[in-house]
Amino acid sequence: MTERSSVRQAEKSDNDSFFCRVYDVTCMIPRGRITSYGAIARYLGTAGAARMVGWALNSSHSSERFIPAHRVVNRNGMLTGKHHFGNASTMQQLLENEGFTVIDDTVLEFGERFWDPSLEL
DNA sequence: GGTGTGACAATGG
DNA sequence: GCCATTGCCACAC
């Protein structure tokens with residue numbers, strides 16, 4: 001009996017998918033904040049599935065809800081998935097609009113504006 | 001049902 | 001200190 005099973009039983013909805021959780025957490029990211037794939041994965045209980053988080057966001061376009069995936073970067077603060085926004089500059093523009101400074105596909109404010117769902121949520 | 005993959009993360013040389 | 005390799009876990013084929 002794991003924590004996950006209880007949650008899964010409580011939800012018992014289509015949201016039981018790992019993807020939906022990633023979408024939910026990503027939407028919870030406060031404006032002006034930023035997090036990493038590993039932080040989200042760890043919050044979900046799958047610390048080693050950081051890659052899955054990225055993959056889930058890759059399918060975020062399939063979600064009816066807008067997913068601020070631009071607030072999610074790798075541990076280095078690098079915009080590794082900017083190419084998946086359609087235009088490579090879209091993700092950077094969104095981050096700059098949030099008040100971030102993006103240089104060389106890397107968020108300089110990453111260390112300061114880092115938001116950990118496991119700590120904040 | 002097994003194999004491959006994937007927007008990462010951590011470790012080793 | 002930088003580059004290369006391995007591990008990880010859930011989904012698609």
Side-chain angles (χ1 to χ4, degrees):
Chain A
M1 183 65 177
T2 61
E3 180 183 357
R4 180 177 174 191
S5 59
S6 61
V7 175
R8 193 173 169 191
Q9 185 177 9
E11 295 291 331
K12 195 180 183 298
S13 301
D14 57 328
N15 291 345
D16 63 342
S17 298
F18 185 86
F19 281 35
C20 290
R21 290 201 180 185
V22 176
Y23 303 150
D24 189 29
V25 175
T26 306
C27 290
M28 288 180 188
I29 301 175
R31 193 175 188 277
R33 293 290 186 179
I34 181 176
T35 189
S36 62
Y37 303 96
I40 297 175
R42 193 168 45 178
Y43 172 75
L44 295 176
T46 51
R51 308 178 80 187
M52 258 309 302
V53 178
W55 198 1
L57 292 176
N58 185 10
S59 299
S60 63
H61 66 84
S62 181
S63 180
E64 297 176 354
R65 188 174 183 174
F66 171 73
I67 310 298
H70 58 277
R71 295 177 186 161
V72 184
V73 295
N74 63 0
R75 72 174 188 88
N76 292 325
M78 186 174 174
L79 284 60
T80 48
K82 66 176 185 178
H83 293 288
H84 296 266
F85 279 79
N87 284 346
S89 60
T90 304
M91 187 173 185
Q92 182 173 343
Q93 289 295 315
L94 289 170
L95 286 170
E96 289 179 352
N97 189 19
E98 298 272 333
F100 293 106
T101 304
V102 181
I103 297 178
D104 188 38
D105 300 336
T106 306
V107 180
L108 299 181
E109 301 295 333
F110 176 73
E112 300 178 18
R113 299 291 182 180
F114 181 76
W115 179 81
D116 191 342
S118 184
L119 297 177
E120 301 294 334
L121 235 56

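Sequence lines set the chain letters: A, B, ... in the order given, protein chains first and strands last, and positions in each chain run from 1. These values consider heavy atoms only, across backbone and side chains, with no hydrogens, waters or symmetry-generated copies.
Spacing between atom CZ of Phe19(A) and atom C1' of dC9(C) amounts to 11 Å, rounded to whole angstrom units. Trp55(A) has its CH2 atom 12 Å from the P atom of dA10(C), to the nearest Å. The CG-C1' distance, from Asn58(A) to dA10(C), rounds to 14 Å in whole Å. One interatomic measurement links the two molecules: CE of Met52(A) to P of dA9(B), which rounds to 14 Å at whole-angstrom precision. In this structure, the CZ atom of Phe18(A) is 12 Å from the C1' atom of dC8(B), given to the nearest Å. The separation between Ile40(A) atom CD1 and dC8(C) atom C1' is 17 Å, rounded to whole Å. Per the geometry, OH belonging to Tyr37(A) stands 14 Å off P belonging to dA10(B), to the nearest Å.
Using a 4.0 Å cutoff on non-hydrogen atoms, no part of residues 107-121 of chain A comes near DNA chain B. Residues from residues 63-88 of chain A placing a heavy atom under 4.0 Å of any atom in DNA chain B, listed by number, are Ala69(A), Asn74(A), Arg75(A), Thr80(A), Gly81(A), His84(A), Phe85(A).
Looking only at distances, no side-chain donor or acceptor of Asn87(A) sits under 3.5 Å from a matching main-chain atom of Ser89(A). Using modelled atom types, no side-chain atom of Arg75(A) and backbone atom of Gly38(A) make a donor-acceptor pair closer than 3.5 Å. Remark: side-chain polar atoms of Ser118(A) are not paired, donor with acceptor, to backbone N or O of Asp116(A) under 3.5 angstrom.
When the nearest nucleotides of DNA chain C are assigned to Ala47(A) and Ser59(A) by heavy-atom distance, the more 5′-ward of the two goes with Ala47(A).
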Is there a side-chain contact (heavy atoms from CB on, under 4.5 Å) between Asp105(A) and Lys82(A)? Walk through the geometry before answering.
CA-CA 8 Å; Asp105(A) 300 336; Lys82(A) 66 176 185 178; 2.7 Å; yes
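You'll find the side chain of His70(A) stays beyond 4.5 Å of the side chain of Gln93(A), heavy atoms only. For the pair Thr26(A)/Ser60(A), no side-chain contact is recorded, criterion being any heavy-atom separation below 4.5 Å from C-beta on.
When distances are taken from the side chain of Arg51(A) to each of dA9(B), dC8(C), dC11(C), the shortest belongs to dC8(C).
The side chain to side chain donor-acceptor pair (under 3.5 Å) check on Glu109(A) picks up nothing, with sequence neighbours excluded.
Criterion: ILVMFWY side-chain heavy atoms under 4.5 Å apart, direct or through other members. Under it, Phe100(A) and Phe114(A) are part of a common hydrophobic cluster.
The neighbour count for Arg65(A) CZ, taken as heavy atoms of other residues, nucleotides or ligands under 6.0 Å away, does not exceed 12.
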